[in-house]
Amino acid sequence: MFLDSEEERILEGYEGEAKARALKVIVKVGESLGASRLIKIKHAHISGVSYENIGDSGLEFINNFRLLGAKFSVPTTINPISYDLLDYNSIYGLKLSREYIRAQELILRALEDMGAELILTCTPYYTRIPERYNLKVGDHVAWGESSAVAYANSILGIRSNREGGPLALMAAIAGRTYYYGMHIDEERIPRVEYIVESIMLDEAEAGVLGEIIAGIHRDSRPPLVNALFKNNPSIKEFLAAISTAGDLAMAHIRGITPEDPRGEISERVNITIRDIERLLEERSPIGDVDIVYIGCPHASLDEFKTFIRMLEEKHSRGKARIIVSMSRSVFMEALSIGLVERAQNIGVSIVRDSCLIVSPFSRFNRDVSVVTNSYKAYYYLSRRGVKAYLARTRDLAKYI
Ligand code: F3S
C-alpha cells in the first residue's frame, strides 16, 4: 500500500504510540482487502459502545487506547449505549447492578477523554451532525453503525464503508481509513435495478423490501432501487433493513440518492407488493401484544410527531405499553414544542441514549411480545428470544 511521508511518520510513532497502533491496524486491514492507499476522513461515528454488546473485553479494548493517551484526530460521535443516562428506568423491566453501570460509564469516560462527543444515537443525521461538521456530498467518513452508513452513502452522499466499532475507533484516532469499497467512485455505480410496483411504501413495508433485496442481491456494487417511499422514516427503515438482512452499505434510490447512477444496468428485477405483503402478514401479531415499539433506528422529530398524533386520535386504550427510542437531541426539540408532555399524557415511554436492542431489555423480558414497524428491531428482538412482530405504522394503533 502506498503511504505518504506523514503516514510513514505516524507509523514510526512520531505522533504517539496510540496513533501508530491504530494506523497499523488500518493499513493491515486495507492491505488484506487490496486497498492501494489511505484516505483522510472528516468525521467518525463509533458503534459498539454498549456494555451489553461488548462486555469486559470491549471495555478493555477501548480503555487501553485511552491509557495509551489516544486522542481522536477528527470530530467523533458515538452510538447508543445500554441504558438511558437520564432515566435508568425508562426501559421496561431493566435491573442494572452498580458494577454494570460503572462499566458502561467507564466506556463513556474513555471515549470522552479521547475527544468523542457523546451524542449516543444511531441517527447522527437527525442531530445536525452533517451540518455542524460541514459534511458534504463526496466527503469521506468512517462510520460504524451499519444503518447510518447506508443512510450516509445513499441519502447524504457522504462516503463510508461499514467499519464496525473497533475499526471506526481506530480510523478516528488515525484520521484516515483505507481507500476501498464505498470510498471509490466506480464501486458505487449500480449494475442491478430493482423495480417495485408503484405504491407508497410505509416503514414496515420498506423494511421488508430491504430484506427481500438484501436476500437476492449478489453484485458487489450497490443495488439501484426504483420504489416510492412514503416518507423519510420509510427510507431510514429500508436502509436499516438492507444493512441488517445483508451486508449492503448503500442503495441508489432513484430520485433521492444525490449521485447519478451512471453506467449500464445489466439486470432488472421486479418486486411486487404481494411479495412484500406476504412476508409482512407472516410476521403480524395474531392477538394482543405487550409492547408497541418505534424508533429503531432512533426516531426523527417528524416521525415522533406523526406517531403521537395517531395515538391521540385513538380514543380507547388497551394494556400495551408504548415505547419510542430517540436521540437526546430530538428529545430536547420535542420537549421544547410540548410534544414530550403530550406523549407522556397518553402513556408513551421515551428512551433516550439507548434502545430495546442494545440495552439488556431482551434479557429481562423473554416473555413479553413486541410489535414494531422496524424490520431491524423485529430481526434483533426475535433473535434474542423476544416474541417480536412487524406491522405497518398505521396498524400499530390497533395493538394499543
Ligand atoms: Fe439504533 Fe438500537 Fe436500532 S442502536 S439502529 S435503535 S438497534
Side-chain angles (χ1 to χ4, degrees), residues 45-54 58 77-85 90-92 94 104 107-108 111 118-127 129 143-152 154-155 160 162-165 168 203-204 206-207 210-211 214 232-249 291-301 303-304 307 323-331 349-363 365 370-386 388 390:
H45 182 75
I46 302 174
S47 60
V49 295
S50 156
Y51 180 62
E52 185 64 20
N53 289 354
I54 64 175
T77 50
I78 63 170
N79 233 25
I81 56 167
S82 54
Y83 53 83
D84 179 338
L85 274 181
S90 73
I91 302 182
Y92 175 66
L94 296 202
Q104 180 65 76
I107 295 171
L108 285 181
L111 290 162
L118 307 186
I119 63 168
L120 308 181
T121 182
C122 45
T123 52
Y125 45 87
Y126 288 156
T127 64
I129 290 297
W143 284 10
E145 161 59 40
S146 63
S147 64
V149 169
Y151 196 96
S154 314
I155 308 304
S160 178
R162 293 171 56 138
E163 298 289 5
E203 289 86 341
E211 178 194 15
N232 174 273
S234 307
I235 295 171
K236 174 190 69 162
E237 293 300 341
F238 168 72
L239 294 168
I242 60 164
S243 57
T244 297
D247 59 0
L248 295 171
I291 293 174
V292 172
Y293 175 52
I294 75 159
C296 170
H298 277 173
S300 70
L301 185 64
E303 185 178 2
F304 184 42
F307 186 61
I323 302 179
V324 182
S325 51
M326 64 184 68
S327 65
R328 203 183 288 195
S329 136
V330 167
F331 174 80
S349 300
I350 300 171
V351 175
R352 298 143 298 197
D353 310 333
S354 188
C355 71
L356 298 196
I357 292 94
V358 299
S359 72
F361 169 83
S362 53
R363 271 202 287 130
N365 292 289
V370 179
V371 64
T372 176
N373 62 356
S374 157
Y375 173 80
K376 181 169 182 175
Y378 158 80
Y379 177 94
Y380 282 111
L381 289 172
S382 310
R383 271 152 192 78
R384 290 176 191 185
V386 173
L390 194 57

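Counting convention: from 1, in listed order, for ligands and their atoms alike.
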Check your understanding: Which distance, rounded to the nearest 0.5 Å, do you find between the CZ of Phe361 and the OH of Tyr293?
Key -> 9.0 Å

Study note, to complete from the structure: Rounding to 0.5 Å, atoms OG (Ser234) and CD (Glu303) come to a distance of 8.5 Å

Check your understanding: Will you find, in the side chains of Tyr125 and Asn232, an N or O donor that is under 3.5 Å from an N or O acceptor?
Key -> no

Check your understanding: When you check the side-chain N and O atoms of Ser374 and Thr372, is any donor under 3.5 Å from an acceptor?
Key -> no

Practice item. For a side chain to side chain donor-acceptor pair (under 3.5 Å) with Thr121, tell me which candidate from Arg328, Glu145, His45, His298 qualifies. Key: His298

Practice item. For Glu145, take its heavy atoms, then give the atoms of ligand 1 lying under 4.0 Å from any of them. Key: 5 (S)

Practice item. Say whether Pro80 and ligand 1 are in contact under the criterion: heavy-atom distance to a ligand atom below 4.0 Å. Key: yes

Exercise for review: Examine ligand 1 and decide if any of its atoms is less than 4.0 Å from a heavy atom belonging to Gly295.
Suggested key: yes

**Study point:** Nearest non-hydrogen protein atom, atom 2 (Fe) of ligand 1
**Key:** Cys355 SG, 2.3 Å

Study note, to complete from the structure: Nearest non-hydrogen protein atom to atom 5 (S) of ligand 1, with distance, is Lys376 NZ, 3.4 Å

Exercise for review: Tell me whether Cys122 has at least one N, O or S atom under 2.8 Å from atom 1 (Fe) of ligand 1.
Suggested key: yes

Study note, to complete from the structure: For Tyr92 and Asn365, the nearest pair of non-hydrogen atoms, with its separation, is O-ND2, 3.1 Å

**Study point:** N, O or S from Cys296 under 2.8 Å to atom 3 (Fe) of ligand 1
**Key:** yes

